Protein chains: 2
Amino acid sequence: MADLNNLLTPFFLNDKEVRKVIELLFFAYRDFTSGPDKILEKINFGRAHHRVIYFVGKKNHITIKELLRVLQITKQSLSRVLNQLVSEKFIIVSTGLDKRTKKLSLTEKGKKLENELSTIQIKKIRKVINEFSEENINGFKKILYEMIDEYNKKTFQEIND
Amino acid sequence: MADLNNLLTPFFLNDKEVRKVIELLFFAYRDFTSGPDKILEKINFGRAHHRVIYFVGKKNHITIKELLRVLQITKQSLSRVLNQLVSEKFIIVSTGLDKRTKKLSLTEKGKKLENELSTIQIKKIRKVINEFSEENINGFKKILYEMIDEYNKKTFQEIND
DNA sequence: ATAATTAAGTCAATATGGCTGACCTAAATA
DNA sequence: TATTTAGGTCAGCCATATTGACTTAATTAT
């Protein structure tokens, strides 16, 4: 069955080639996050802190609710990480117009760390995609986008308004 | 500085666009792994078990050492997960020619689970890349490949010999 | 033949990042 | 006024990773 399918399938879509994509995603994602991980380790932070810093940097005055929607974790999980970031003055909290809400912002210290971490990843991506055509890069982005579940595509659009 | 750089940089390479790639990787990778995660949860396994099953399925008779090289975790971490997989009969162990080594293989039960998990991801990838040109798909794979660190590129090649 | 190296395993302690459930306050809205 | 929403907190649990120290058995090098 699988063999017959493969015979009728273009080369780049057969099981073996698709499995390579699984592996490429695994290896590429792991190495992509390893740079920031090393810096974070020095200050006793983890990837969870990075994500919070990244998205607060991305969208200044983001609320807890919005952040939870982006990160897709529970508020209890966010709370531990966020409290550390606030108490160590990487993030400051202010009250929103709706007084039930809170707005998060990076402090100067937070911006500095955000920049340090993102720069590693930005440089890595730029170095790689620099060698490819605009067509290839757009294809790359579109394929990644299509791999996102519908619900989260909306989130991606929202944070890129 | 950053602004000046951006003015001199092609659109698809400027900071804002590159940051989108960071986010796309985050969202895409998360949703890519969420399917298997749900199945694994039911049998009290996690992503770590999936990785072991995947790579044992990929390379029959893989040794512990090779597996550790692929997964880049410590043997203590592997041990817990692997022992569970062996005691629950998803994986069987035999002794290598070099009697210090062990060779790992999937049992029928293991193959069935491997197939169930991989099928989800294979279908997802195929569904997505089906809509793209061969040129785009090859570009996608090459870009991912270039994002892998040199040392791990070798590993990727080795498991795809 | 002996020494050194290698493959694998194990014990113990620790950190991180998730989770659930239960419960609370204050503010906004119906 | 009642309900919903945003946010917080306590307690306990689980999975996945880490480090360090130590062991055994087999292979390889001297």
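In what follows, chains carry the letters A, B, and so on, assigned in the order in which the sequence lines appear, proteins first and then strands, with residues in each chain numbered from 1. Being a predicted model, the structure only gives us computed values, none of them experimental.
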Peer 1: Out of D:dA6, C:dT6, C:dT10, which has the shortest distance to the side chain of B:Arg100?
Peer 2: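 Ranking D:dA6, C:dT6, C:dT10 by closest atom to the B:Arg100 side chain puts C:dT6 first.
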Peer 1: Identify whether any heavy atom of A:Lys65 sits under 4.0 Å from a base atom; if not, whether one sits that close to sugar-phosphate; answer base, sugar-phosphate or nothing.
Peer 2: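 Sugar-phosphate: the residue A:Lys65, judged by heavy atoms under 4.0 Å, touches backbone atoms but no base.
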Peer 1: Is the shortest distance from a Lys or Arg side-chain nitrogen in A:Arg126 or B:Asp15 to a carboxylate oxygen in the other one below 4.0 Å?
Peer 2: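 Yes, A:Arg126 and B:Asp15 are salt-bridged.
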Peer 1: Could you state the CD1-P distance from A:Ile64 to D:dT9, rounded to the nearest angstrom?
Peer 2: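 My rounded result for the distance is 10 Å.
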Peer 1: Using whole Å, what does the distance between atom C1' of nucleotide D:dA6 and atom CG of A:Leu82 come to?
Peer 2: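 So the CG-C1' distance, A:Leu82 to D:dA6, works out to 14 Å.
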Peer 1: Have A:Lys58 and A:Asn160 got a donor and an acceptor in their side chains that come within less than 3.5 Å?
Peer 2: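 A:Asn160 and A:Lys58 do have a side-chain donor-acceptor pair below 3.5 Å.
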Peer 1: Among residues 38-49 of chain B, which contact DNA chain D at a heavy-atom distance under 4.0 Å?
Peer 2: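 Here the set is B:Gly46, B:Arg47, B:Ala48, B:His49.
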Peer 1: Is the phosphate of D:dT18, meaning OP1 or OP2, less than 4.0 Å from a side-chain N or O of B:Thr74?
Peer 2: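 Checking D:dT18 against B:Thr74, a side-chain N or O does come within under 4.0 Å of OP1 or OP2.
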Peer 1: Could you check whether B:Glu17 pairs with B:Lys20 (Lys NZ or Arg NE/NH1/NH2 to Asp/Glu carboxylate O, under 4.0 Å)?
Peer 2: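 Salt bridge present between B:Glu17 and B:Lys20.
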Peer 1: Measure from the side chain of B:Lys102, starting at C-beta and using heavy atoms only, and say which of D:dA17, C:dA8, C:dA28 lies closest.
Peer 2: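 Nearest nucleotide to the side chain: C:dA8.
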Peer 1: Using atom CD1 of A:Ile73 as one end and atom C1' of D:dA15 as the other, report the distance to the nearest whole Å.
Peer 2: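 Distance, rounded to whole Å: 16 Å.
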Peer 1: In whole angstroms, how far is the C1' atom of C:dA7 from the CG atom of B:Leu68?
Peer 2: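 The distance from CG of B:Leu68 to C1' of C:dA7 comes to 10 Å, rounded to the nearest Å.
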Peer 1: Between B:Lys154 and B:Asp149, is there a salt bridge with N-O shorter than 4.0 Å?
Peer 2: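 Here B:Asp149 does not pair with B:Lys154 in a salt bridge, since their nearest N and O are not under 4.0 Å apart.
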Peer 1: Using a cut-off of 4.0 Å on non-hydrogen atoms, how would the nucleic acid contact of A:Lys99 be classed: base, sugar-phosphate, or nothing?
Peer 2: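 Sugar-phosphate, no base atom in range.
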Peer 1: For B:Asp37 and D:dC14, what is the distance between atoms CG and C1' respectively, to the nearest whole Å?
Peer 2: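 Spelled out: CG on B:Asp37 to C1' on D:dC14 is 14 Å.
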Peer 1: Between P on D:dT16 and CG on B:Leu85, what's the gap in Å once rounded to a whole number?
Peer 2: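 Checked: the CG to P distance equals 10 Å.
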Peer 1: I'd like to know whether B:Phe90 forms a ring pair (Phe, Tyr, Trp, His ring centres under 6.0 Å) with B:Phe45, so could you lay out the CA-CA distance, the side-chain angles of the two residues, the decisive distance to 0.1 Å, and finally the verdict.
Peer 2: CA-CA 12 Å; B:Phe90 290 92; B:Phe45 282 172; 5.3 Å; yes
Peer 1: When you get a sec, tell me which of C:dA27, C:dG18, C:dT20 is the closest nucleotide to the side chain of A:Gln76?
Peer 2: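 It is C:dT20.
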Peer 1: Is any side-chain nitrogen or oxygen of A:Arg80 closer than 4.0 Å to OP1 or OP2 of D:dC10?
Peer 2: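 So the side-chain polar atoms of A:Arg80 never come under 4.0 Å of the phosphate oxygens OP1 or OP2 of D:dC10.
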Peer 1: If I take atom CD in residue B:Gln72 and atom P in nucleotide D:dT16, what distance separates them, rounded to the nearest angstrom?
Peer 2: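 From B:Gln72 CD to D:dT16 P: 18 Å.
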Peer 1: A:His50 NE2 to C:dG17 C1': how many Å, rounded?
Peer 2: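 That distance rounds to 16 Å.
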Peer 1: From the set D:dA17, D:dT9, D:dT27, return the single nucleotide nearest to any side-chain atom of B:Ser77.
Peer 2: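 The listed nucleotide nearest to B:Ser77's side chain is D:dA17.
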Peer 1: Would you indicate whether B:Lys65, at its atom NZ, is surrounded by more than 12 heavy atoms from other residues, nucleotides or ligands within a distance under 6.0 Å?
Peer 2: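 Counting other residues, nucleotides and ligands, NZ of B:Lys65 stays at 12 neighbours or fewer.
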Peer 1: If you only use heavy atoms from C-beta on, which nucleotide in D:dG8, D:dA17, C:dT10 is closest to the side chain of B:Arg51?
Peer 2: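 Minimum distance to the B:Arg51 side chain belongs to D:dA17.
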Peer 1: Could you tell me whether B:Thr101 contacts a base, only the sugar-phosphate backbone, or nothing, with contacts defined as non-hydrogen atoms closer than 4.0 Å?
Peer 2: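 Sugar-phosphate, no base atom in range.
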Peer 1: Looking at A:Phe32, A:Phe27, A:Tyr29, which one forms a side chain to side chain contact (heavy atoms under 4.5 Å, CB included) with B:Met147?
Peer 2: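 One option only clears the test, and that one is A:Phe32.
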Peer 1: Is there a path of hydrophobic side-chain contacts, each under 4.5 Å between heavy atoms, that joins A:Leu13 and B:Phe140?
Peer 2: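 Yes, because A:Leu13 and B:Phe140 connect within a single hydrophobic cluster, where side-chain heavy atoms sit under 4.5 Å apart.
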Peer 1: Using heavy-atom distances to pick each residue's nearest nucleotide on DNA chain C, tell me which of A:Val81 and A:Leu97 is more 5'.
Peer 2: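 Residue closer to the 5' terminus by nearest nucleotide: A:Val81.
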